[in-house]
Amino acid sequence: MTAETSQTLDRGLRVLKLLADTDHGLTVTELSNKLGVNRTVVYRLLATLEQHALVRRDLGGRARVGLGVLRLGRQVHPLVREAALPALRSLAEDIGATAHLTLVDGTDALAVAVVEPTWTDYHVAYRAGFRHPLDRGAAGRAILSARQKNLVGDPGYTLTHGELEAGASGAAAALVGVSGVEGSVGVVMLADAVPERVGPRVLDAAREVADALR
């Protein structure tokens with residue numbers, strides 16, 4: 001550290017880098033150990049970064065990168081959408097349902113890219129910018145499920161019905177292995193139940209999007 005640099009800013013940037021390098025987030029104690037500073041310093045750093053939405057803390061208290069990091073560059077969200085669109089288009093056309101890419105924003109699930117099928121007579125209207133609690137709807141539940149890895153019998157995707165809209169069913173699979181991004185790919189359709197082939201197809205699409213974002 002030289003006289004021309006800020007120790008606090010340096011520590012804050014190191015926090016962001018550490019969080020970007022983990023898919024599971026870090027506790028205050030873990031950050032304290034990695035930075036070599038006491039917990040009080042870490043609390044202050046996290047509180048400041050949270051005010052700018054650069055960091056968020058989940059219900060378990062683990063700190064993760066916030067979507068404010070994406071907002072720092074206006075071109076980042078378009079780039080994320082652009083990377084996901086080919087897989088989403090293929091998914092929407094194949095299934096005949098509205099496909100979406102959803103990212104975590106605090107305790108909410110936020111749709112950042114949506115593709116509607118071109119050949120169906122009707123489909124669910126779903127818009128980019130739509131948000132809902134993480135514990136409601138397939139998109140959010142898939143993300144929460146991915147946080148609890150190695151669940152016995154977990155197929156890798158989540159199915160729901162009627163949680164966000166009456167008569168609508170959803171299927172979603174979490175993005176896996178994308179540093180600094182926590183989200184899911186899914187479809188929503190007007191149906192009493194999700195057809196059997198949809199879950200595995202959504203899982204394949206999530207893998208395609210994850211590969212495109214790496």
Identify the two heavy atoms, one from [X] and one from [Y], that lie closest to each other, and give their separation to 0.1 Å.
X: Ala92; Y: Pro117; value: O-CB, 3.5 Å
X: Ser145; Y: Thr158; value: CB-OG1, 4.4 Å
X: Ala174; Y: Ala206; value: O-CB, 3.8 Å
X: Leu45; Y: Gly12; value: CD2-N, 4.0 Å
X: Ala168; Y: Val124; value: CB-CG2, 4.5 Å
X: Val209; Y: Ala84; value: CG1-CB, 3.9 Å

Rounded to the nearest 0.5 Å, how far does [atom2] of [Y] lie from [atom1] of [X]?
X: Leu13; Y: Thr8; atom1: CG; atom2: OG1; answer: 11.0 Å
X: Thr107; Y: His132; atom1: OG1; atom2: NE2; answer: 11.5 Å
X: Arg81; Y: Leu88; atom1: CZ; atom2: CG; answer: 11.5 Å
X: Asp108; Y: Thr102; atom1: CG; atom2: OG1; answer: 11.5 Å
X: Leu54; Y: Leu46; atom1: CG; atom2: CG; answer: 11.5 Å
X: Thr22; Y: Arg62; atom1: OG1; atom2: CZ; answer: 7.0 Å

Student check: side-chain heavy atoms of [X] and [Y] closer than 4.5 Å:
X: Val15; Y: Arg11; result: no
X: Arg56; Y: Glu182; result: yes
X: Thr98; Y: Glu116; result: yes
X: Arg201; Y: Val187; result: no
X: Val41; Y: Leu35; result: no
X: Val114; Y: Arg127; result: no
X: Leu159; Y: Val198; result: no

State plainly whether one hydrophobic cluster holds both [X] and [Y], where clusters connect Ile, Leu, Val, Met, Phe, Trp and Tyr through side-chain heavy atoms under 4.5 angstrom apart.
X: Val176; Y: Val178; result: no
X: Leu164; Y: Leu110; result: no
X: Val112; Y: Leu91; result: yes
X: Val188; Y: Tyr122; result: yes

Side-chain hydrophobic cluster, 4.5 Å single linkage: members besides Val104 | Leu134, Ile143, Leu144
My understanding is that only residues two or more places apart in sequence, or in another chain, count here; which of them pass salt bridge (charged side-chain N to carboxylate O under 4.0 Å, His left out) with [X]?
X: Arg136; answer: none
X: Asp135; answer: none
X: Glu93; answer: none
X: Arg44; answer: none

Those residues that, when tested against His24, pass ring pair (Phe, Tyr, Trp, His ring centres under 6.0 Å) (two or more places apart) = none
Thr118-Arg89 side chain donor-acceptor pair, cut-off 3.5 Å = no
Determine the interplanar angle of the Phe130 and Tyr126 rings, folded into 0 to 90°, and report it as parallel if under 30°, tilted if 30 to 60°, perpendicular if over 60°.
-> perpendicular
Quick check: does any side chain N or O of Thr120 sit under 3.5 Å from a backbone N or O of Gly96, one acting as donor and the other as acceptor?
-> no
Taking the side chain from His100 and the backbone from Ala172, do they hold a donor-acceptor pair closer than 3.5 Å?
-> no
Under the salt bridge (charged side-chain N to carboxylate O under 4.0 Å, His left out) rule, what pairs show up with a residue in residues 188-198, not counting sequence neighbours?
-> Asp94-Arg197
Pair listing, salt bridge (charged side-chain N to carboxylate O under 4.0 Å, His left out) test, anchored in residues 159-177, at least two apart = Arg141-Glu163
Quick one: side-chain hydrogen bond (donor to acceptor under 3.5 Å, both in side chains) partners of [X], sequence neighbours excluded?
X: Glu50; answer: Arg57
X: Arg14; answer: none
X: Asp211; answer: Arg214
X: Ser184; answer: none

Result of checking Asn33, Leu31, Thr29 against Arg39 for side chain to side chain contact (heavy atoms under 4.5 Å, CB included) = Thr29
For atom CG of Leu59, is the number of surrounding heavy atoms from other residues, nucleotides or ligands below 6.0 Å larger than 12?
-> no
Verify side-chain contact (heavy atoms from CB on, under 4.5 Å) between Val181 and Val65, making sure each step is shown before the conclusion.
-> CA-CA 8 Å; Val181 176; Val65 173; over 6 Å; no
